[in-house]
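Numbered from 1 within each chain, the chains take letters A, B, ... in sequence-line order.
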Number of protein chains: 2
Amino acid sequence: MNQDRPIKKTTIYDLAELAGTSASAVSAVLNGNWKKRRISSQLAEKITRLAEEQGYAINMQASLLRREKSKIIGMIVPKYDNRYFGSIVETFETMARERGLFPIITCTRRDPELEVEAARTMLSYQVEWLVSTGATDPDRISDICGAAGVGSLNLDLPGTKAPSIISDNFTGARELTRRILVNSERKLGAARPLLFIGGRGSDHNTVERVRGFRAAHADIGVAVDERHILTCGYAPEKAEMSLQALAMAERELPSGMFVNSTISLEGVMRWIKRSGHYVNHTPVIGCFDWDPFAALLGDEIEMVRQDVQGMLNAVFEVIDHGAKGASLIEIPPIFVDSNYALINDPTA
Amino acid sequence: MNQDRPIKKTTIYDLAELAGTSASAVSAVLNGNWKKRRISSQLAEKITRLAEEQGYAINMQASLLRREKSKIIGMIVPKYDNRYFGSIVETFETMARERGLFPIITCTRRDPELEVEAARTMLSYQVEWLVSTGATDPDRISDICGAAGVGSLNLDLPGTKAPSIISDNFTGARELTRRILVNSERKLGAARPLLFIGGRGSDHNTVERVRGFRAAHADIGVAVDERHILTCGYAPEKAEMSLQALAMAERELPSGMFVNSTISLEGVMRWIKRSGHYVNHTPVIGCFDWDPFAALLGDEIEMVRQDVQGMLNAVFEVIDHGAKGASLIEIPPIFVDSNYALINDPTA
DNA sequence: CAACGTTGCTCAATCGATGAAGCAACAATT
DNA sequence: AATTGTTGCTTCATCGATTGAGCAACGTTG
């Protein structure tokens with residue numbers, strides 16, 4: 001607990017004195033290269049035992065200052081409020097630790113200023129790599145890292161100044177749209193054009209997904225209604241308001257929807273439940289991203305799952321072996337039926 | 001990017017040479033106490049400008065080594081796979097930063113070994129406080145911290161060796177149970193005993209919630225069926241298997257359930273959907289914890305929301321002002337109707 | 001003009017761990 | 001006996017930032 005005079009932490013000098021030896025011998029023993037430094041195993045044992053007894057913990061600040069490599073790896077993440085980012089963070093931590101790296105993660109709440117501040121702070125802590133996940137301005141972060149000689153990587157949203165690992169949004173969206181259209185046809189007898197909702201028209205992922213959405217419609221010769229592409233932002237409220245506005249303007253709403261994230265889906269489901277539209281005929285829905293409860297809502301929610309493990313494999317491939325320039329690596333998302341997805345949830 | 005000869009980072013010595021002054025002047029200017037050290041504002045400005053130009057970033061390892069305080073605060077968290085922990089982490093980060101503390105968070109995936117290892121690593125990084133969230137063995141962590149003179153705190157699950165901040169599980173569970181019973185009565189005409197599912201019989205929270213569950217039944221004079229208290233663990237699969245086993249053993253299942261976490265609720269909802277029980281009469285459900293999609297499932301899912309902000313206020317109250325011994329602080333959870341909860345989701 | 005105060009800096013020790021260089025003691029080889 | 005090799009350590013500079021102590025230059029006061 002909280003002592004008034006904080007216990008002075010044991011250092012290698014304390015251990016050296018206790019063992020009647022020198023600090024450098026203690027250091028050599030405790031960081032494992034005592035054989036290289038020709039310390040006798042007797043002394044090694046004695047020091048190890050003393051360290052144990054004294055509850056010695058190395059001072060990383062001192063150690064890292066002296067070494068050339070920090071073995072610290074940073075990640076910036078926008079939110080912890082959905083399975084996708086949660087899974088990214090958890091997988092990242094695990095994979096970093098497997099490599100003997102120490103992960104530091106900061107949540108920037110989609111705030112560009114905080115992103116930059118967080119990046120600078122991480123540089124102060126001597127991170128060796130910085131992974132920007134879903135950053136609003138990844139290139140800015142790459143510039144800051146570049147100036148400090150620190151490697152950076154973009155995950156989820158691409159940039160132009162560092163290798164970017166993202167989902168194959170176009171192909172994923174095309175296939176998701178195709179599936180929604182098939183479900184729609186099965187339910188309604190004929191394929192009818194869908195609504196696209198959620199995301200920002202300015203962000204790369206949304207642009208690509210809209211492109212896939214259009215392509216899937218074109219594939220079966222169905223025309224997309226331009227007024228039904230609602231890239232209103234990600235927040236649930238935005239989706240809700242956007243749907244409300246559409247319902248005021250049009251006499252009939254589309255019978256199927258492509259929802260661009262689970263976050264937007266929250267708003268969509270809420271509106272469907274509240275508004276009283278769709279009482280008799282619930283719409284056919286597909287969502288780009290996965291959530292276990294959302295998968296249980298309604299009876300026909302098709303969900304694509306982004307391949308988090310695959311993306312992070314690619315991230316660490318770059319970190320472990322390097323990558324050429326600002327390459328763009330696209331990882332195919334995963335399609336599974338909702339029950340199967342639940343059974344195999346790796347984060348569960 | 002990845003340069004072959006890593007750019008040597010700018011230090012205060014480099015800046016000192018550029019400015020034609022000493023490192024100590026640079027240090028004084030950059031850490032803001034140049035007035036105290038009587039540096040002229042001219043020189044201060046010059047140094048500031050140079051630092052900006054050179055993209056100088058302080059070396060925290062060096063700075064922290066010299067200072068006595070690290071201003072680093074650690075948190076251990078079991079998972080990132082639900083809103084509760086996600087919200088805890090996000091709020092913790094924000095509040096830490098507001099206080100000029102640097103938060104380090106590690107996810108230990110409910111692995112006791114990893115918890116201990118993570119705690120030790122955090123001590124190496126000279127954390128000033130360690131918050132153990134939902135730790136399997138909080139006292140072990142408190143011991144480790146105590147030996148190093150570092151303050152520790154338990155969040156969500158209590159321990160006996162450090163101040164613990166938890167939800168008022170008993171009162172929360174009693175009220176949640178009361179509400180489920182009321183819903184059940186409204187739906188079925190009479191109050192019938194409920195099923196309790198999820199959590200570990202050995203963990204404090206579960207014990208308290210079962211106690212509240214029993215109390216609410218006693219309050220209205222309904223007997224609890226002991227075979228219907230299924231503390232089978234948190235994982236969805238466990239809940240599912242547990243329900244399946246019960247369905248095999250009994251002819252009739254309870255018409256209402258108290259589900260001990262959203263994680264368990266995943267399994268419960270899955271089983272309900274798959275098993276074919278409850279086809280005509282969906283059970284009345286209450287869940288200790290909140291999830292936006294779960295709130296939209298069925299029509300009568302009552303959810304308690306743990307007061308994350310309140311709990312973290314208490315955490316930082318202890319950190320800012322200290323606490324006496326291993327006190328137990330219980331924060332009342334929040335009851336809201338599901339629509340209201342959605343509207344006011346602070347994490348949305 | 002001597003004494004003292006103020007301004008604006010610099011010097012050097014320090015935090016704890018690391019590792020190259022060096023050194024004493026002894027063994028083995030010629 | 002002299003040389004060389006090996007073992008098992010110690011010494012000391014170093015990483016970058018911080019800070020108490022000190023010092024030169026100038027102004028002010030009696």
Side-chain angles (χ1 to χ4, degrees), chain A residues 6-47 50-51 54-72 121 123-126 128 148-149, chain B residues 6-47 51 54-72 123-126 128 148-149:
Chain A
I7 297 171
K8 193 70 176 53
K9 285 185 183 148
T10 312
T11 70
I12 52 169
Y13 298 94
D14 303 327
L15 294 179
E17 194 159 355
L18 286 170
T21 179
S22 72
S24 82
V26 174
S27 169
V29 169
L30 296 180
N31 66 27
N33 61 359
W34 54 280
K35 289 211 165 168
K36 241 167 287 183
R37 310 208 54 214
R38 297 187 313 219
I39 307 289
S40 65
S41 42
Q42 286 174 41
L43 183 55
E45 247 170 85
K46 184 177 183 184
I47 290 174
L50 277 169
Q54 302 293 313
Y56 170 80
I58 194 176
N59 182 324
M60 274 298 176
Q61 264 74 51
S63 178
L64 296 182
L65 174 59
R66 187 67 222 298
R67 285 151 144 43
E68 72 299 3
K69 321 216 77 193
S70 75
K71 297 276 185 182
I72 298 180
T121 306
L123 289 182
S124 293
Y125 280 92
Q126 312 299 110
E128 292 178 10
Chain B
I7 296 170
K8 194 68 177 53
K9 286 184 182 149
T10 311
T11 69
I12 51 168
Y13 298 94
D14 302 327
L15 293 179
E17 194 160 354
L18 285 170
T21 180
S22 72
S24 79
V26 174
S27 170
V29 169
L30 295 180
N31 67 28
N33 63 356
W34 55 279
K35 289 210 165 168
K36 239 167 288 180
R37 304 208 82 213
R38 298 187 314 220
I39 306 290
S40 66
S41 43
Q42 286 174 39
L43 182 56
E45 247 170 84
K46 185 176 182 184
I47 289 173
Q54 302 292 314
Y56 171 80
I58 195 177
N59 182 324
M60 274 299 175
Q61 265 76 49
S63 177
L64 296 182
L65 174 59
R66 188 67 224 296
R67 286 151 145 40
E68 73 298 5
K69 322 215 75 193
S70 75
K71 298 274 186 184
I72 299 179
L123 289 182
S124 293
Y125 281 91
Q126 313 298 111
E128 292 178 9

Any non-hydrogen side-chain atom of [X] less than 4.5 Å from a side-chain atom of [Y]?
X      : Y     : answer
B:L18  : B:Q54 : yes
B:Q126 : A:N59 : yes
B:Q61  : A:I72 : yes
B:L15  : B:L30 : yes

Got a sec? Which of residues 21-33 of chain A come in under 4.0 Å of DNA chain D, heavy atoms? A:T21, A:S22, A:S24, A:A25
Please report, rounded to the nearest Å, how far the [atom2] atom of [N] is from the [atom1] atom of [X].
X      : N      : atom1 : atom2 : answer
A:W34  : D:dT7  : CH2   : C1'   : 14 Å
B:I12  : C:dC9  : CD1   : P     : 16 Å
A:N59  : C:dG16 : CG    : C1'   : 6 Å
A:I47  : D:dT10 : CD1   : C1'   : 12 Å
B:L65  : D:dT19 : CG    : C1'   : 14 Å
A:K8   : C:dT14 : NZ    : P     : 13 Å
B:K35  : C:dT6  : NZ    : P     : 18 Å
A:Q126 : D:dA17 : CD    : C1'   : 12 Å

Measuring from [X]:[atom1] to [Y]:[atom2], what's the distance to the nearest 0.5 Å?
X     : Y      : atom1 : atom2 : value
B:Y56 : A:S124 : OH    : OG    : 8.0 Å
B:T21 : B:I12  : OG1   : CD1   : 10.5 Å
A:S27 : A:I47  : OG    : CD1   : 9.5 Å

Can you sort out which residues in residues 36-46 of chain A have a heavy atom within less than 4.0 Å of DNA chain C? Ascending by number, please. A:R37
Distance check: side-chain N/O of [X] vs OP1/OP2 of [N], anything under 4.0 Å?
X     : N      : result
A:Y56 : C:dA17 : yes
B:K9  : D:dA17 : no
B:Y13 : D:dT14 : no

Given B:I39, which partner from the list B:V29, B:V26, B:N33 fulfils the side-chain contact (heavy atoms from CB on, under 4.5 Å) test? B:V29
At under 4.0 Å between heavy atoms, what does B:L64 touch on the DNA or RNA strands: base, sugar-phosphate, or nothing? nothing
Residue pair B:A28 / B:R37: nearest heavy atoms and the distance that separates them: CB-CD, 3.8 Å
